[in-house]
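Since the structure comes first, as structure tokens, the remarks are kept for the end.
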Amino acid sequence: MRRAALIAVAALLTATVLGGCRQKRAAADQASRSGAPRAGGTLVYATDREPLCLDPHVLGDMPQVFLARQYLDSLVSMDATGTIRPWLAESWQISADKLSYRFELRHDVRFTDGTPFDAAALKANLDHIVDPATQSSTAGGYIRQYAGTDIVGPFTAVVHLSSPYAAFLQVLAQGFLGMESPAALRRGRDANCQHPVGSGPFRVERWDHQSRVVLDRNPDYRWAPPIAAHQGPAWLDRVEWRFIPEASVRFGSLQAGEVDVIDGLPPEDETPAGHNPDLWVLIADRPGNPTNGTLNIRRPPFDDIRVREAFIRSCDIDAALASVFFKHYRHAGGPLSPSTPDYSPDFEHSKDFDPARAARLLDEAGWHRGPDGIRMRDGQRLVVHVPIRMSMSAADRSLWEQVQATTRDAGFDTRLEPGPDTAVIAREFRWDYDMRLGYWNTNTPDVLRIVFSSASNRSISGSGRPGPHQNTSGFADPAFDAVVQKALATDDPAERRALYHDAQARIAAAQLQVTTYPQTTRLAIRRDVHGVSIEPSLGVSSLYDAWINR
Amino acid sequence: MSASTAIASRSGGARTWRGVAVLLLRRVLLGLSVLLAAVTLAFFALHVVPGDVVSAILGGPAANPTPEAVAAAIREYGLDRPLIVQYLIYLVGLLHGDLGRSFTQHLPVALILREQVGPTLLLTFWALILAWALALLSVLGTTRRRPWLSRLGATLETVAAAMPPFWLGILLLFSFSFAMPLFPPAGSDRLSTLVLPGLAMAIPLAGFLARVTREALELALEQPFILSARMRGLGDLSVRLRHALRHALLPGIALSAWALGALVGNAVVVEVIFSRKGIGRQLFLAVSTQDIPLAMGIVLVVSACYVLSNLAADVLSLWADPRLRSSRR
Amino acid sequence: MSASLPAVTAATTADVVPPATGFRRSAAFRRPGPGLLLATGFLVFLLLGCVAPSLVTAGGDPFRIAPHEAFRPPGWAHPFGTDQSGRDIFVRIVFGARESLLVGVGATGIAMMVAVTLGLLGGLGGHLAERAVRWLLQVMFSFPVLILALLLSAGLGHGIWPLVLATGLGSSAGYGRLVLSQVLAVRDAPYVEAARALGHSPARIVHRHVLPNAMRPLVVAVMLGVGQAIIWSASLSFLGLGAPPPAAEWGTMLSMGRDFVANAWWLTAFPGAFVVMTVLSTTAIGHALQRHLESRAA
């Protein structure tokens with residue numbers, strides 16, 4: 001398949017997709033944006049979580065990719081319509097068997113340590129990501145089909161896959177697979193975590209642990225992606241990336257002018273932020289599997305689909321979003337977030353709040369009201385164990401408390417069991433839960449395979465030992481597996497769309513998740529800061545085009 | 001029992017500086033043994049708790065390790081050895097000044113501690129100074145004055161002592177950062193960021209310091225030597241400062257030593273609320289992610305602080321103890 | 001957040017300030033002031049909340065959510081307003097009294113059990129035992145309570161019992177030191193010598209003489225300690241170690257409300273005020289008890 005064809009495919013795929021960027025006060029911002037960008041200045045950005053490692057190949061947590069976006073470039077870029085565009089790769093060709101990708105790379109790219117970006121660098125990066133010693137979860141998981149890279153010429157490389165993987169280019173556009181200097185990678189994981197070297201518009205100057213990461217401008221930057229608003233070096237001299245975990249303090253710092261941009265704008269501060277003339281708000285949905293509670297179908301009571309549906313239908317998510325989330329968050333009813341390619345709106349209302357139906361289903365399943373209102377069967381109470389992390393935000397915790405209350409009305413004894421992160425993880429590894437809270441961000445509908453296929457049902461770390469599993473419901477259906485595998489192999493967009501529609505229908509019918517709201521990126525920005533944007537592949541903020549008018 | 005009374009009971013009033021030196025040496029040795037015990041306790045407690053150490057090393061919640069990676073980590077960190085062997089290896093490392101590498105941050109623990117201890121110590125010392133200032137202000141200003149003034153002082157002290165520091169922190173944050181933007185709400189890079197966290201820690205402590213000092217001062221002001229000082233025509237302030245206060249400081253000094261020793265426990269909520277750097281927040285993170293080497297390192301620092309501050313208090317008590325002072329002449 | 005502050009305070013005072021004897025100030029004979037009455041009234045109200053919460057709240061349900069009534073400011077229908085799920089904060093505080101007081105009293109009880117055991121062992125077990133107990137107390141002092149709490153929470157699971165245990169063990173060292181010094185003081189007192197000379201059994205001596213006399217100053221420390229234990233456990237709840245949802249425990253309410261402090265101050269103000277008032281009340285009663293005991297000793 002030729003590159004042009006692929007672009008057409010991607011464009012078709014995303015007819016309904018990725019509209020996510022809702023911009024408040026857009027008109028006012030447009031007015032101030034009409035001035036020419038000014039170079040210089042330091043932008044202070046505040047976020048909630050501090051990454052454990054600045055190299056996004058390692059581990060693979062969202063805070064890493066937010067930071068990495070500022071100092072790493074990717075092989076390809078993805079625009080707001082979901083189309084894959086060039087970046088460090090100028091063009092590419094895909095073989096007929098869809099197992100080889102031939103990349104022609106730019107010739108003028110240098111990493112900030114002086115190392116040139118070439119075919120060998122591309123090979124070093126992909127090899128690094130899949131190397132077990134790198135301990136990549138996200139990036140490594142996405143390119144499990146990676147078989148190797150051949151260096152054909154100094155700036156030409158052929159990447160081989162073991163099986164067709166239609167999502168490969170989309171995945172390459174994610175910041176998790178950003179390109180790093182091979183010389184820096186050779187220093188080893190731990191050194192690279194502290195001070196990664198990329199070719200991006202900024203460089204990591206230093207990491208002041210538990211406080212901030214300081215970035216400074218890469219003066220030689222000449223290879224911005226086509227999705228950027230300008231070319232050449234970034235406008236800002238420096239970026240101070242601060243860590244302020246407390247939501248109210250983060251917003252307070254923004255209001256006080258201590259910081260210029262915050263992400264993770266808490267729902268309770270969204271209305272005040274909208275009313276504050278000094279601020280503007282930028283919001284984008286992230287694609288993937290929305291924030292959810294996944295039901296463990298490997299043990300009672302959720303091994304019975306009727307009980308699962310009853311539980312899901314007794315969760316009043318809309319009421320929770322209206323109260324705790326101040327009506328700022330949308331309800332995501334289906335297995336895919338609306339901004340995911342091939343998302344279908346058909347399943348948005350398949351699991352709406354319906355206590356009457358829940359009661360009927362539970363009666364059918366043989367669970368009857370006990371003396372205290374909790375349903376019982378054969379002397380067993382209808383208990384649902386939900387481990388929750390101590391670090392969970394007040395808003396999320398309140399949402400699940402409301403779920404606890406409404407499901408209790410339906411006769412479930414829902415127990416929210418807070419614990420330190422490690423204790424919760426250990427329980428998840430042992431499948432010791434009835435509902436597991438989580439989400440999965442990725443820019444392809446292949447997330448369905450990652451989260452629901454029987455292959456990811458097994459513990460990844462091998463047999464015997466309890467370990468992480470990406471499929472947290474325990475769902476195992478060969479027919480579903482076949483559908484998502486087929487979707488990865490097809491190059492007909494209409495067929496793929498139909499296949500993913502089928503996959504969404506199967507997941508919705510299996511009653512596996514209480515879905516709540518799509519993951520979102522929510523920024524609040526001071527009015528004199530312009531050009532901050534959210535890139536489309538993962539909904540990550542980008543400061544390349546940002547400038548300060550002060 | 002504080003050192004001064006220990007000295008008094010052992011040597012019955014006849015003290016020599018040599019005796020003091022021997023005593024201090026014994027205290028240092030005792031302190032080291034306390035340190036060892038705390039580290040031992042922490043080591044076994046952290047390992048016994050349920051959780052997956054390997055997955056903590058391999059990235060915790062985001063982990064996705066292959067079987068080879070798991071095996072490699074188990075080998076690298078010696079997790080297949082018996083616990084007692086691991087413990088001995090840790091101790092040997094400790095003797096060489098090696099605190100190990102953090103599981104989650106993949107950095108030497110010593111480096112993390114070097115970065116994080118400073119801000120916590122600064123905050124604690126600052127809070128202690130602030131607490132003493134507030135306490136002395138209240139005590140010297142109101143003890144044995146007009147009844148209503150005395151009672152007002154005592155009441156304020158009681159209320160201060162009843163304040164949960166984290167609640168106070170939220171109130172201060174809300175009032176002086178959000179409603180009236182006088183002080184920065186977060187950070188640890190400027191002196192102005194110390195004001196609110198310092199007050200949140202200092203006010204409750206000041207309540208306790210003032211209470212013990214007031215009680216001791218009241219007692220001291222009743223003593224015969226105060227009466228004689230007054231009869232010699234010394235002014236009220238002079239009597240209070242030069243004669244009575246020295247006696248009244250002893251319990252407060254002992255309490256301060258304890259407060260310094262308990263620094264991490266006292267600092268953690270304040271560090272969390274004000275998003276400050278420091279070992280309190282770090283300890284909280286380390287234990288909740290089962291980062292055993294880091295948690296051990298912080299336990300070591302905390303215990304050392306306790307031991308050192310108690311030593312310092314002993315020395316201070318010797319200084320404040322009039323009986324010892326007289327022996328210097 | 002200082003698990004053993006009152007005990008340490010009492011202990012430091014006991015070390016340096018001679019125990020109260022005849023010549024203490026006349027304040028001992030003061031009649032109960034308005035503060036003490038208020039304190040007693042408040043505690044009675046809380047105890048009523050523990051025993052029959054529905055009586056105090058006129059049948060309100062602390063767990064019944066009403067999302068459409070979320071974040072109502074204090075008013076006639078809800079004197080303390082409603083929280084993020086539309087639950088009445090006053091009702092929740094009253095129902096939460098049981099858990100919060102239980103933590104305070106339970107933790108102090110555990111602390112006392114450990115302290116009395118160690119104190120008697122060290123005070124009556126001879127020179128070696130005394131030194132061993134002293135050393136052990138030092139170790140306990142130097143160990144961060146936060147670790148204890150996190151480990152217990154991970155080991156014992158969710159709920160308030162890890163909280164009670166951690167707070168109790170965390171504050172036991174302070175009481176331990178106090179008990180030890182009291183037992184030592186009483187051990188050498190003339191009436192114990194006399195009892196020994198009369199040939200009374202050690203058990204009888206401990207039971208009849210040592211314990212009652214050593215315990216007296218402890219009563220006060222315990223009264224002050226309950227309040228501080230509530231503060232300490234609220235701090236742990238604040239960090240996320242508290243009672244599991246939907247419990248109305250005060251520390252958890254504070255912790256949940258803090259994100260909303262700029263929108264709805266009543267979510268944090270009222271539970272916090274109740275913690276402070278509870279601590280003040282127990283402290284006031286503790287001080288009154290102290291005066292009473294001193295005047296009896298006089």
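Order of the sequence lines fixes the chain letters, A, B, ..., with proteins taken first and strands second; residue numbering starts at 1 for each chain.
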> What pairs with C:Leu148 under side chain to side chain contact (heavy atoms under 4.5 Å, CB included), at least two apart in sequence or on another chain?
Replying inline: C:Phe143, C:Leu152, C:Leu169
> So which of B:Leu46, B:Leu41, B:Asn310, B:Ile298 has the largest heavy-atom pair count under 4.5 angstrom toward chain C?
Replying inline: B:Leu41
>> Would you compute the distance between atom CZ of C:Arg258 and atom CZ of B:Phe174 and round it to the nearest 0.5 angstrom?
In response: 16.0 Å
>> Less than 4.5 Å to any heavy atom of chain C: does that hold for the side chain of B:Ala179, its backbone, both, or neither?
In response: neither
>> Which one wins on heavy-atom pair count under 4.5 Å against chain B: C:Ala269, C:Ala284, C:Ala149?
In response: C:Ala269
> Got B:Leu35 and C:Ser142 here, is their nearest side-chain heavy-atom distance under 4.5 Å?
Replying inline: no
>> How long is the straight-line distance from OG of C:Ser255 back to CD1 of B:Ile170, given to the nearest 0.5 Å?
In response: 8.0 Å
> Of the backbone (N, CA, C, O) and the side chain (C-beta and beyond), which part of B:Thr155 lies under 4.5 Å from a heavy atom of chain C, both, or neither?
Replying inline: neither
>> Give me the atom names and distance for the closest heavy-atom approach of B:Ala162 to C:Ile231.
In response: O-CD1, 3.4 Å
>> Taking 4.5 Å as the heavy-atom cut-off, does anything in residues 270-280 of chain C contact chain B, and if so which residues?
In response: C:Gly272, C:Ala273, C:Val275, C:Val276, C:Val279, C:Leu280
> So which of C:Leu254, C:Leu136, C:Leu180 has the largest heavy-atom pair count under 4.5 angstrom toward chain B?
Replying inline: C:Leu254
> Under a 4.5 Å heavy-atom cut-off, does chain C meet the side chain of B:Val272, its backbone, both or neither?
Replying inline: side chain
>> Can you tell me which portion of B:Ile273 sits under 4.5 Å from chain C's heavy atoms? Options are side chain, backbone, both or neither.
In response: side chain
> Taking B:Trp167 for the side chain and C:Thr268 for the main chain, is one N or O donor matched with an acceptor at less than 3.5 Å?
Replying inline: yes
> Between CZ of B:Phe44 and CG of C:Leu151, what distance do you get to the nearest 0.5 Å?
Replying inline: 14.0 Å
>> Which heavy atom of B:Leu30 sits nearest to which heavy atom of C:Trp135, and what is that distance?
In response: CD1-CD1, 3.7 Å
> Side chain of C:Gln138, backbone of B:Val307: donor and acceptor closer than 3.5 Å?
Replying inline: no
>> Working note: B:Val287 + C:Leu146, criterion side-chain contact (heavy atoms from CB on, under 4.5 Å); need CA distance, chi angles, decisive distance, verdict.
In response: CA-CA 9 Å; B:Val287 180; C:Leu146 182 66; over 6 Å; no
> From C:Leu239 CG over to B:Arg281 CZ, what is the distance, rounded to the nearest 0.5 angstrom?
Replying inline: 11.5 Å
> Would you say B:Leu29 has more than 12 foreign heavy atoms packed within less than 6.0 Å of its CG?
Replying inline: yes
